[in-house]
Amino acid sequence: MNGTVPRHVAVIMDGNGRWARERGQPREFGHRAGMQAVRQAVEAAGDAGVEVLTLYAFSQENWGRPATEISALMGLLELYVRRERRDLKEKGIEVHCIGELDRLGPRTRAAIQSIVDHTRGGARMRLNLAISYGARQEIVLAARKLAERIAAGTLLPGEIDEELFSQQLYTPADPDPDLLIRTSGEQRISNFMLWQLAYTELYVTPVLWPDFGREHFFRALLDYQRRERRFGRVLAS
């Protein structure tokens, strides 16, 4: 595609439950339908030349949902690993998972580790799956790591800057997102990558996640290419 392609695209995948409700189905039906949208987004990002794609799959707040829905979501995650692991490896997509993974059950953790191990070394694109993720928790964890270094005498408070702080987050090797896509029309960032999204361009679409296909992803990229990114500066005319 023409124009500047964002290096890093982050996506808040929203609307599975509403999509299912509109069809008189349980929420799990919408989550299952959303798996196909994940595949299309990954393929579209890879084809467009995006370097990093981060998908908000399961938030810290999602632990408050009914146990039956959480169990279904974890089952779908394990199914995604089984179905997509080989294809992702063949396409050169390296998978990483970010979040408090210790909260997951052993079978789900094993599935995540298997897809991370199987796709390691993929050079075409990095796919971050944010699972049991919360941005406030991520920032607190980063601060705690730095405090422990200060307490141990290996770091002075004055040595802390933005770059050092960023290195303590879940995404130290990634550029900050250039573009954030949120589906379903909700206009909030829902505790997602609060530090990394400081200068990210936002794209909100009313399309519910299960209906979000390749053409919608490319439409978001085209919208991004029409924008003038200033990062707080005044650009020369």
Side-chain angles (χ1 to χ4, degrees), residues 1 4-13 34-59 73-135 137-138 141-142 145 163 166-181 183 192-193 195-197 200-201 209 212-214 216-218 220-221 224:
M1 64 192 311
T4 301
V5 175
R7 295 182 63 196
H8 185 172
V9 177
V11 185
I12 299 176
M13 305 179 294
M35 286 180 60
Q36 181 59 33
V38 170
R39 171 184 272 266
Q40 293 198 45
V42 171
E43 291 179 350
D47 290 345
V50 173
E51 296 177 22
V52 183
L53 176 67
T54 299
L55 302 179
Y56 201 8
F58 189 85
S59 72
L73 285 166
M74 294 301 121
L76 286 174
L77 177 58
E78 294 163 22
L79 177 62
Y80 176 79
V81 169
R82 292 195 299 272
R83 285 185 176 179
E84 304 295 331
R85 185 176 61 181
R86 178 179 297 179
D87 187 59
L88 290 171
K89 180 178 178 63
E90 291 175 352
K91 290 178 177 176
I93 297 173
E94 183 176 75
V95 178
H96 294 253
C97 292
I98 61 175
E100 292 191 50
L101 304 182
D102 289 344
R103 296 190 65 177
L104 304 175
R107 191 172 66 183
T108 304
R109 288 201 307 271
I112 288 172
Q113 192 59 52
S114 73
I115 197 171
V116 169
D117 292 341
H118 195 70
T119 60
R120 184 173 288 115
R124 184 183 182 196
M125 188 178 75
R126 177 181 177 123
L127 172 62
N128 293 325
L129 300 177
I131 302 169
S132 187
Y133 173 89
Q137 293 84 351
E138 178 184 24
L141 180 61
K145 290 177 182 177
E163 181 178 358
S166 295
Q167 291 301 309
Q168 315 309 311
L169 300 175
Y170 290 132
T171 55
D174 298 337
D176 289 341
D178 300 294
L179 173 66
L180 171 68
I181 299 171
T183 60
F192 183 50
M193 304 189 87
W195 177 276
Q196 297 93 329
L197 292 177
T200 299
E201 298 293 322
W209 179 248
F212 192 84
R214 289 175 58 90
H216 299 103
F217 193 91
F218 289 133
L221 298 189
Y224 168 84

Quick one: are R39 and R83 in side-chain contact, heavy atoms under 4.5 Å?
no
Using the ring of each side chain (for Trp, its six-membered ring), is Y133 parallel, tilted or perpendicular to Y56, with breaks at 30° and 60°?
perpendicular
Heavy-atom pair with the smallest gap, counting every atom of F212 and A37:
O-CB, 3.5 Å
To the nearest 0.5 Å, what is the distance between CG (L101) and CZ (R109)?
8.5 Å
Looking at every heavy atom in both M125 and V50, which two are closest together, and how far apart are they?
CG-O, 3.3 Å
Working note: T183 + H216, criterion side chain to side chain contact (heavy atoms under 4.5 Å, CB included); need CA distance, chi angles, decisive distance, verdict.
CA-CA 10 Å; T183 60; H216 299 103; over 6 Å; no
Does any part of the side chain of T108, heavy atoms only, come nearer than 4.5 Å to the side chain of E78, both counted from C-beta?
yes
Heavy-atom pair of closest approach, residues I112 and C97:
CG2-SG, 3.2 Å
Find out whether M193 and T171 are in side-chain contact, i.e. whether some heavy atom of one side chain is under 4.5 Å from a heavy atom of the other.
yes
Spatial distance of atom CD (E84) from atom CG (L127) [nearest 0.5 Å]
10.0 Å
Do the side chain of E94 and the main chain of G121 share a donor and acceptor less than 3.5 angstrom apart?
yes
Check whether any side-chain N or O of E51 sits under 3.5 Å from a backbone N or O of R7 as a donor-acceptor pair, and report yes or no.
no
Is D47 close to R124 at the side-chain level, that is, under 4.5 Å between some pair of heavy atoms?
yes
Evaluate whether atom CZ of R103 has more than 12 neighbouring non-hydrogen atoms of other residues, nucleotides or ligands under 6.0 angstrom away.
yes
Can you spot which of L221, T200, T54, L55 makes a side chain to side chain contact (heavy atoms under 4.5 Å, CB included) with V9?
L221
Quick one, L88 with Y80, criterion side chain to side chain contact (heavy atoms under 4.5 Å, CB included). Give me CA distance, side-chain angles, the key distance, then yes/no.
CA-CA 11 Å; L88 290 171; Y80 176 79; 3.9 Å; yes
Begin from the C-alpha positions of K89 and D117 and carry the test salt bridge (charged side-chain N to carboxylate O under 4.0 Å, His left out) through to its verdict.
CA-CA 10 Å; K89 180 178 178 63; D117 292 341; over 6 Å; no
Where the side chain of R214 meets the backbone of Q40, is there a donor-acceptor pair that is under 3.5 Å apart?
no
When every non-hydrogen atom of K145 is compared with those of Q168, the smallest separation belongs to NZ-O, 3.3 Å
So if I apply the side chain to side chain contact (heavy atoms under 4.5 Å, CB included) rule between V11 and each of L53, L179, V38, which one comes out positive?
L53
Where do T4 and Y224 come nearest, in terms of heavy atoms and distance?
O-CE2, 3.7 Å
Separation between NE2 (H118) and CZ (R86), nearest 0.5 Å, reads 7.0 Å
Can a donor-acceptor pair be found, under 3.5 Å and without considering hydrogens, that links the side chain of W209 to the backbone of M13?
no
Are the side chains of N128 and Y170 in contact, using a 4.5 Å heavy-atom criterion?
no
Between atom CG of L77 and atom CZ of F58, what is the distance when rounded to the nearest 0.5 Å?
10.0 Å
For A57 and I131 the tightest heavy-atom approach is CB-CG1, 4.1 Å
Residue list, salt bridge (charged side-chain N to carboxylate O under 4.0 Å, His left out) with E100, at least two apart or on another chain:
none
For V81 and V95, what are the C-alpha separation, side-chain angles and deciding distance, and is it a side chain to side chain contact (heavy atoms under 4.5 Å, CB included)?
CA-CA 10 Å; V81 169; V95 178; over 6 Å; no
